[in-house]
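Only one structure is covered here, and it is reproduced in the block below.
Sequence positions, counted from 1, serve as the residue numbers for this chain. Note that this is a predicted model, so its numbers are computed, not measured.
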Amino acid sequence: QGSWRCGERHGRGTLWYNEARDCYFEGEWRNNKRHGHGLMRWSPPKPVVTSLATSPTRRKKKDPLPPPPQGNVYEGGWEDDLKS
């Protein structure tokens, strides 16, 4: 949902990363990258079942986002798809 230019996200908009819509970025885009001010919200972490052979921090390749460094929300600046 949001503004598009030449088939890419550009302007203000929201991108949901899952069907439950509890993991999303809402903010400014430039050339299909997060750029400007925005809010990134992650869903609460789910319990991880581990064994001796599996690291609890290892992500599956299909996971859409890495876990946030602290908390479940980042609000601030973005430049070329990176937090600034």
Name all residues meeting the side chain to side chain contact (heavy atoms under 4.5 Å, CB included) criterion together with Arg9; count only those two or more places apart in sequence or in a different chain, and write none if there are none.
Trp4, Leu15, Trp29, Asn32

Does Trp16 have any side chain to side chain contact (heavy atoms under 4.5 Å, CB included) partners at least two apart in sequence or in another chain, and if so, which?
Gln1, Thr14, Arg21, Tyr24

Residues Arg34 and Asp81 bridged, charged N to O under 4.0 Å:
yes

Within a strict 4.5 Å, meaning less than it, do heavy atoms of the His37 and Glu75 side chains meet?
yes

Does the side chain of Asp22 reach to within under 4.5 Å of the side chain of Arg41, using non-hydrogen atoms?
no

Test log, rule side chain to side chain contact (heavy atoms under 4.5 Å, CB included), inputs Trp78 and Arg30
CA-CA 10 Å; Trp78 294 82; Arg30 184 193 306 169; over 6 Å; no

Can you give me the closest heavy-atom contact between His10 and Ser3, atom names plus distance?
O-CB, 2.8 Å

State the NE2-CG distance between His35 and Leu82, to the nearest 0.5 angstrom.
11.0 Å

